[in-house]
Amino acid sequence: MNARSFKRIALVGASPNPAKYGNIILRDLMRKGFEVLPVNPNYDEIEGLKCYRSVRELPKDVDVIVFVVPPKVGIQVAKEAVEAGFRRLWFQPGAESEEIREFLESQGVEYSFIKCIMVETG
């Protein structure tokens with residue numbers, strides 16, 4: 001996956017807390033000119049952006065869904081994303097697991113593990 005080709009990025013685990021990666025990544029991608037769609041069921045808005053409660057609510061033309069949540073949350077959201085028709089998922093370091101890998105490979109989904117979206121879009 002070429003991260004620099006993305007235009008519209010959904011961020012699962014987006015946070016209003018500036019000390020958390022869910023906010024650091026959000027602000028970094030916005031600063032670089034990406035359209036970022038925060039996903040977090042606990043907020044209506046983050047950094048002035050409409051926050052989606054679930055990946056099921058996202059517009060279908062999202063280029064990639066980035067995960068910055070623990071693997072236990074990530075596997076559930078990954079299943080929802082695949083059911084909703086999303087085919088490109090990016091797991092930040094620490095968000096991946098073998099269970100997630102096995103699921104994604106069984107579904108033929110394009111995914112990234114280990115690589116940091118902030119580095120790859122730099």
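- Between the CD atom in Gln76 and the OG atom in Ser54 there is a gap of 12.0 Å [rounded to 0.5 Å].
- Both Leu104 and Val12 are assigned to one and the same hydrophobic cluster, defined by single-linkage of ILVMFWY side chains at heavy-atom distances under 4.5 Å.
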Exercise. Take Leu49 and Met30 through the side chain to side chain contact (heavy atoms under 4.5 Å, CB included) test and state the conclusion after the steps.
Key: CA-CA 10 Å; Leu49 302 173; Met30 286 172 58; 3.5 Å; yes

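- Checked by atom type and distance alone, the side chain of Gln92 pairs as donor or acceptor with a backbone atom of Ile117 at under 3.5 Å.
- The cluster map of Ile, Leu, Val, Met, Phe, Trp and Tyr, joined by side-chain heavy atoms under 4.5 Å apart, puts Met1 and Leu29 in the same cluster.
- Of all heavy-atom pairs between Ile46 and Cys51, the closest is CD1-SG, 3.8 Å.
- The main-chain N or O of Ser15 is never found under 3.5 Å from a side-chain atom of Asn40 such that the two would form a donor-acceptor pair.
- The closest side-chain heavy-atom distance from Tyr52 to Pro59 is below 4.5 Å.
- For the pair Tyr43/Pro16, a side-chain contact is recorded, criterion being any heavy-atom separation below 4.5 Å from C-beta on.
- At least one donor-acceptor pair under 3.5 Å links the side chain of Lys60 to the backbone N or O of Ala84.
- Side-chain atoms of Glu47 and Pro38, non-hydrogen and from C-beta on, never get closer than 4.5 Å to each other.
- Closest heavy-atom contact between Asn2 and Ser5: O-OG, 2.7 Å.
- Of the possible polar contacts, one joining the Lys32 side chain to the Met118 backbone as a donor-acceptor pair under 3.5 Å is found.
- A side-chain contact (heavy atoms from CB on, under 4.5 Å) with Val64 is found for one member of Phe86, Trp90, Phe34 and no other, namely Trp90.
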Practice problem: Would you check, one step at a time, whether the test side chain to side chain contact (heavy atoms under 4.5 Å, CB included) holds for Asn23 with Asn17? | Solution: CA-CA 6 Å; Asn23 185 272; Asn17 182 340; 5.5 Å; no

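- To the nearest 0.5 Å, atoms CD (Glu98) and CZ (Phe113) are separated by 7.5 Å.
- In this structure, the separation between SG on Cys116 and CD1 on Ile25 is 6.0 Å, given to the nearest 0.5 Å.
- Tested against Lys79 for a side-chain contact (heavy atoms from CB on, under 4.5 Å), the candidates Val82, Ile75, Val77 yield a single pass: Ile75.
- Both Val36 and Tyr21 sit in one connected hydrophobic cluster of ILVMFWY residues. Membership requires side-chain heavy atoms under 4.5 Å apart, directly or through other members.
- Ring planes of Phe67 and Phe91: parallel class, angle under 30° (limits at 30 and 60°).
- Hydrophobic clustering, with ILVMFWY side chains joined whenever heavy atoms are under 4.5 angstrom apart, groups Ile114 together with Val109.
- Residues Leu89 and Ala78 share a closest heavy-atom pair of CD1-CB, 4.1 Å.
- A donor-acceptor distance shorter than 3.5 angstrom exists from the side chain of Asp63 to the backbone of Arg8, with no hydrogens or angles considered.
- Linking Ile, Leu, Val, Met, Phe, Trp and Tyr whenever their side-chain heavy atoms come within less than 4.5 Å puts Val55 and Ile100 in one cluster.
- Here the side chain of Glu96 pairs a donor or acceptor atom with the backbone of Gly94 at under 3.5 angstrom.
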Self-check item: Evaluation steps, side chain to side chain contact (heavy atoms under 4.5 Å, CB included), between Leu58 and Ile65
Solution: CA-CA 10 Å; Leu58 289 168; Ile65 300 176; 4.1 Å; yes

Quiz item: Going through the distances and angles, do Asp28 and Thr121 end up as a side chain to side chain contact (heavy atoms under 4.5 Å, CB included)?
Solution: CA-CA 9 Å; Asp28 178 77; Thr121 57; 4.3 Å; yes

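- Taking the charged nitrogens against the carboxylate oxygens, Arg88 and Glu110 do have a contact shorter than 4.0 Å, which makes a salt bridge.
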